[in-house]
Amino acid sequence: MEDHDRTSGDGWTDGRDWTDGHVDRWLPVLPGLDPDVEGAVTRMKLISSHLRRVRERSLVDFGLQRHEFDTLHSLAGRGGHAAPSELAADLDLAPASVTGRLDALERRDYIRRVHSAADRRRVDVQLTDAGRAAWLGAMDVLGDEESRLLGALDAGERKALSDLLRRVMLVAERSESA
C-alpha cells in the first residue's frame, strides 16, 4: 500500500486512492491491463470487503451471529412471518438446519412459533419485537455506512452508478445461468 497524505477525511489530497497505486504498479507488469477495468473491479472488491467488516462489527455489537442475522433478515423480508420451509428455501438450507436456527432464536425471544389458524399442523414463525430490534439495529449500522460512502455522490450520480452496476450484473447473471 502506498502512503498518501489525507485531507480532512474526505479523501486523498492528490485525488488518488490506494487502487490508483495498485494499478500503477501492475501496468508495467501487465501491459495489456485495462486500468479502468482493474480500477473498477478492485474498488468494488474493496468496498464490498469494507461493508462486510462493518456488518460483522455490527453483528457483534448486537450480539448476533451471522446465521442468526441471516435468518432474522429472511423472516423480516417476508413481513415478519413465514413457514419454516419458506425460510429454508430463502436461506438455501435443509429444513433440519432451519429448525436448529429457529430453536436458538426462540430461546433468545427473537422469534416465536405459532400454529397456523388455517391448518393446525402447520407452524408459522413470527418475528418478535426483540428480534426486530436486533435485526434493525444491525441493519441501521450497515445502512448508515452505505449512506456515508455513497454520500460522496449526488443523487444523479448515485442513480447513474446503480444503473451502470445493473448493466454489469445482468452480464454476470446471464453467464451464471448459462
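Atom set for the values below is all heavy atoms of this structure, side chains included, hydrogens, waters and symmetry mates excluded.
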Please enumerate all residues that pass salt bridge (charged side-chain N to carboxylate O under 4.0 Å, His left out) together with R167, with sequence neighbours excluded.
none

Tell me the closest heavy-atom pair linking A138 and L59, and the distance in Å.
CB-CD2, 4.0 Å

Sorted by first residue and then second, give each ring-ring contact (aromatic ring centres under 6.0 Å, His included) pair with at least one member in residues 73-124; sequence neighbours left out.
F69-H73, H73-W135

For the pair S147 (side chain) and G143 (backbone), establish whether a donor and an acceptor sit closer than 3.5 Å, ignoring hydrogens and angles.
yes

Output the distance between atom CG (L33) and atom CZ (R25), rounded to the nearest 0.5 Å.
12.0 Å

Side chain to side chain contact (heavy atoms under 4.5 Å, CB included) between L64 and L72: does it pass, once the steps are laid out?
CA-CA 10 Å; L64 290 170; L72 293 174; 3.9 Å; yes

Between CG of D124 and CZ of R112, what distance do you get to the nearest 0.5 Å?
12.0 Å

Could you pull out all residues at least two apart from D144 that satisfy salt bridge (charged side-chain N to carboxylate O under 4.0 Å, His left out)?
none

Least distance between heavy atoms, L127 atom then G131 atom:
CD1-C, 3.8 Å

Looking at side-chain heavy atoms only, is the closest gap between R53 and S49 below 4.5 Å?
yes

Which heavy atom of D17 sits nearest to which heavy atom of D20, and what is that distance?
N-OD2, 2.9 Å

Could you report the tightest heavy-atom contact between V125 and P84, atom names first, then the distance?
CG2-CG, 3.9 Å

For residues 56-79, which residue pairs qualify under salt bridge (Lys or Arg N to Asp or Glu O under 4.0 Å), counting only residues two or more places apart or in two chains?
E56-R66, R66-D70, E68-R108, R78-E86, R78-D90

One thing to verify: whether R113 and E106 come together as a salt bridge, which I'm taking to mean a side-chain N less than 4.0 angstrom from a carboxylate O.
yes

Test side chain to side chain contact (heavy atoms under 4.5 Å, CB included) on E173 and S177; report intermediate values, then the result.
CA-CA 6 Å; E173 289 172 354; S177 65; over 6 Å; no

Same cluster or not: V168 versus V41, using hydrophobic residues (I, L, V, M, F, W, Y) connected whenever any side-chain heavy atoms lie under 4.5 Å apart?
no

Report the C-alpha distance between L149 and H50 in whole Å, list the side-chain angles of each, state the deciding distance to 0.1 Å, and finish with yes or no for side chain to side chain contact (heavy atoms under 4.5 Å, CB included).
CA-CA 10 Å; L149 294 179; H50 171 76; 3.8 Å; yes

Please enumerate all residues that pass salt bridge (charged side-chain N to carboxylate O under 4.0 Å, His left out) together with D129, with sequence neighbours excluded.
none

Determine, for D103 against R101, whether the closest basic-nitrogen to carboxylate-oxygen distance falls under 4.0 angstrom.
no

Apply the test side chain to side chain contact (heavy atoms under 4.5 Å, CB included) to residues L170 and R174: give CA-CA distance (whole Å), side-chain angles for both, the deciding distance (0.1 Å), then the verdict.
CA-CA 6 Å; L170 287 169; R174 270 188 238 119; 3.6 Å; yes

Could you tell me the separation between the CE atom of M169 and the CZ atom of R166, rounded to the nearest 0.5 Å?
11.0 Å

According to salt bridge (charged side-chain N to carboxylate O under 4.0 Å, His left out), who are the partners of K159, at least two apart in sequence or on a separate chain?
D163

Heavy-atom closest pair, residues D109 and A130:
O-CB, 3.5 Å

To the nearest 0.5 Å, tell me how far L91 CG sits from H67 NE2.
10.5 Å

Got a second to check how far R132's CZ is from I111's CD1, nearest 0.5 Å?
13.5 Å

Given the rule that I, L, V, M, F, W and Y join up when any side-chain heavy atoms are under 4.5 Å apart, are V60 and V141 in one cluster?
no

Heavy atoms of E157 and L153 approach each other most closely as OE1-CA, 3.3 Å

Quick check: is L51 connected to F62 through a chain of hydrophobic side chains (ILVMFWY, heavy atoms under 4.5 Å apart)?
yes

What about W18 and V23, same hydrophobic cluster or not, with Ile/Leu/Val/Met/Phe/Trp/Tyr joined at side-chain heavy-atom distances under 4.5 Å?
no

Short question: side chain of S97, backbone of L93 - any donor-acceptor pair under 3.5 Å?
no

Heavy atoms, side chains only, cut-off 4.5 Å: are L150 and L161 in contact?
yes

E145 side-chain N/O to L142 backbone N/O, donor-acceptor pair under 3.5 Å
no

Look up atom CG in L87 and atom OG in S74, then write down how far apart they are to the nearest 0.5 Å.
4.5 Å

Whether the side chain of T42 engages the backbone of E38 through a donor-acceptor N/O pair (distance < 3.5 Å, no angle test) should be reported.
yes

Is there a path of hydrophobic side-chain contacts, each under 4.5 Å between heavy atoms, that joins V37 and L165?
yes

